[in-house]
Amino acid sequence: MRAFFIGRFQPYHLGHHEVIKNILNEVDELIIGIGSAQESHSLENPFTAGERVWMISKALDELKIEKKIYIIPLEDIKRNSLWVAHVKEMVPPFDVVYSNNPLVKRLFKEAGVEVRGTHLYNRVEYQGTEIRKKMINGENWKKYVPKAVVEVIETIDGINRIKEIISKDI
Ligand code: NAP
């Protein structure tokens with residue numbers, strides 16, 4: 001069975017990492033869709049699609065998973081009613097979708113695809129918005145993401161990027 005899981009992963013954090021480990025216990029193959037792929041260099045979406053591919057694949061390498069995992073960036077489209085067809089065009093066929101996003105769940109349900117909920121691990125601490133705030137405020141953000149993600153963000157000078165975006169906004 002092949003599953004599809006989508007997120008923005010800004011950044012990919014330990015909550016996502018746990019969800020993916022759990023999904024992989026239930027399925028044979030997994031497609032990870034990187035949503036809003038066209039977005040980058042903003043407060044909500046600081047990292048490019050390519051950087052997010054890098055973060056996720058490096059973090060998953062450390063788990064030494066033998067199952068097939070596809071990581072595929074997906075741009076948003078303006079029409080929600082056509083979005084499932086857009087996703088299906090861009091990724092290999094899948095049997096089940098894992099999501100907690102009400103819009104994502106509804107759109108796939110209407111398209112007749114089985115949808116399963118996910119439980120984000122320690123949701124209080126592992127939240128993209130909170131982690132981005134910590135990056136801006138000089139607080140410890142590193143403990144909320146896999147080590148591989150710290151390395152990618154440091155390599156791309158990601159923290160200074162976010163701070164400079166802020167200063168431009170002000
Ligand atoms: P999102 O808008 O990135 O996230 C919404 C919220 O849900 C965030 O707070 C996120 O936390 C949280 N979240 C993510 N995964 C979760 C999980 N497994 N359990 C509990 N909470 C979770 O939405 P998304 O669901 O992660 O990604 C959906 C993507 O599909 C977006 O890029 C969206 O633009 C795209 N989409 C596009 C269309 C269209 O183009 N018409 C239609 C539908 C959806 P974190 O920030 O911590 O991840």
Side-chain angles (χ1 to χ4, degrees), residues 1-132 144-146 148-149 152-153 158:
M1 180 188 276
R2 189 183 292 129
F4 176 72
F5 175 64
I6 186 160
R8 279 176 29 248
F9 307 119
Q10 292 283 12
Y12 182 74
H13 57 63
L14 287 167
H16 302 129
H17 210 45
E18 280 303 310
V19 168
I20 284 175
K21 283 191 237 172
N22 289 336
I23 296 173
L24 283 165
N25 285 332
E26 295 182 12
V27 303
D28 307 305
E29 295 192 8
L30 176 62
I31 303 160
I32 302 172
I34 298 187
S36 305
Q38 78 284 358
E39 301 285 346
S40 74
H41 293 79
S42 68
L43 294 186
E44 281 295 298
N45 294 288
F47 306 113
T48 68
E51 289 161 351
R52 289 177 272 161
V53 169
W54 188 15
M55 287 176 200
I56 297 170
S57 73
K58 201 167 156 68
L60 292 177
D61 279 353
E62 288 179 352
L63 298 179
K64 307 227 181 307
I65 293 160
E66 308 240 316
K67 294 183 177 178
K68 180 78 191 157
I69 301 175
Y70 304 84
I71 305 172
I72 302 182
L74 293 163
E75 293 192 12
D76 292 331
I77 59 166
K78 288 199 165 62
R79 295 188 178 200
N80 283 337
S81 65
L82 300 182
W83 183 68
V84 169
H86 166 66
V87 170
K88 284 184 168 172
E89 185 196 14
M90 300 302 291
V91 310
F94 50 87
D95 309 289
V96 59
V97 170
Y98 285 82
S99 178
N100 264 357
N101 180 319
L103 174 63
V104 170
K105 286 165 88 170
R106 180 71 203 178
L107 293 175
F108 277 109
K109 245 192 326 194
E110 285 186 13
V113 180
E114 183 192 345
V115 178
R116 296 182 189 164
T118 60
H119 295 287
L120 261 197
Y121 171 70
N122 196 348
R123 187 65 187 145
V124 180
E125 294 206 326
Y126 300 126
Q127 276 199 58
T129 312
E130 292 306 312
I131 295 170
R132 292 194 299 278
Y144 303 106
V145 302
V149 173
V152 170
I153 291 174

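Because the structure is a prediction, the values reported are computed rather than measured. These numbers come from the heavy atoms of this one structure, side chains and all, not from hydrogens, waters or symmetry mates. Start at 1 with the first residue, then count along the sequence.
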task: Starting at NZ of Lys21, measure out to CG of Asn25 and round the result to the nearest 0.5 Å.
output: 10.0 Å
Name the atoms and distances for all side-chain donor-acceptor pairs under 3.5 Å in residues 27-35, with sequence neighbours left out.
from, atom 1, to, atom 2, distance (Å)
Asp28, OD2, Met1, N, 2.1
Glu29, OE1, Arg2, NE, 2.8
Glu29, OE1, Arg2, NH2, 3.2

message: One pair to check against side-chain contact (heavy atoms from CB on, under 4.5 Å): Val91 and Tyr70. What are the steps and the verdict?
response: CA-CA 8 Å; Val91 310; Tyr70 304 84; over 6 Å; no
statement: Taking every heavy atom of Pro11 against every heavy atom of Ile153, the minimum-distance pair comes out as CB-CD1, 4.2 Å
query: Among Met55, Arg52, Lys58, which residue meets the side chain to side chain contact (heavy atoms under 4.5 Å, CB included) test with Val149?
result: Met55
message: Is there a side-chain contact between Pro92 and Ile72 in this structure, where contact means two heavy atoms from C-beta onward sitting under 4.5 Å apart?
response: yes
query: Can any side-chain N or O of His86 pair as donor or acceptor with the backbone N or O of Glu75 at less than 3.5 Å?
result: yes
- prompt: Ignoring hydrogens and geometry, is there a side-chain-to-backbone donor-acceptor pair from Gln38 to Asp76 under 3.5 Å?
  reply: yes
field: Interatomic spacing from CZ in Arg132 to CD in Gln127 - rounded to 0.5 Å
entry: 9.5 Å
message: Let me confirm one number: the NZ-CH2 distance from Lys88 to Trp83, rounded to the nearest 0.5 Å.
response: 11.5 Å
field: Side chain proximity check, Leu60 to Tyr12, heavy atoms < 4.5 angstrom
entry: yes
task: With rounding to the nearest 0.5 Å, note down the distance linking CZ in Phe9 to CD1 in Ile71.
output: 9.0 Å
task: Go through the steps for Arg116 and Glu26 under the test salt bridge (Lys or Arg N to Asp or Glu O under 4.0 Å), then give the verdict.
output: CA-CA 11 Å; Arg116 296 182 189 164; Glu26 295 182 12; 3.4 Å; yes
Please output the side-chain donor-acceptor pairs of residues 100-109 that fall under 3.5 Å, not counting sequence neighbours, one pair per line with the distance.
from, atom 1, to, atom 2, distance (Å)
Asn100, OD1, Thr118, N, 3.0
Asn100, ND2, Thr118, O, 2.4
Asn101, OD1, Leu103, N, 3.0
Asn101, OD1, Val104, N, 3.3
Arg106, NE, Glu110, OE2, 2.7
Arg106, NH2, Glu110, OE2, 3.2

Pair Arg8-Glu44, side-chain contact (heavy atoms from CB on, under 4.5 Å): steps then yes or no: CA-CA 10 Å; Arg8 279 176 29 248; Glu44 281 295 298; 3.8 Å; yes
field: OH-NE2 distance between Tyr126 and His13, expressed to the nearest 0.5 angstrom
entry: 9.5 Å
query: Roughly how far, to the nearest 0.5 Å, is the NE2 atom of His17 from the CD1 atom of Ile56?
result: 10.5 Å
message: Before you tell me yes or no, could you show the steps for Gln10 and Ile131 under side-chain contact (heavy atoms from CB on, under 4.5 Å), namely the whole-Å CA-CA distance, both residues' side-chain angles and the distance that decides it to 0.1 Å?
response: CA-CA 9 Å; Gln10 292 283 12; Ile131 295 170; over 6 Å; no
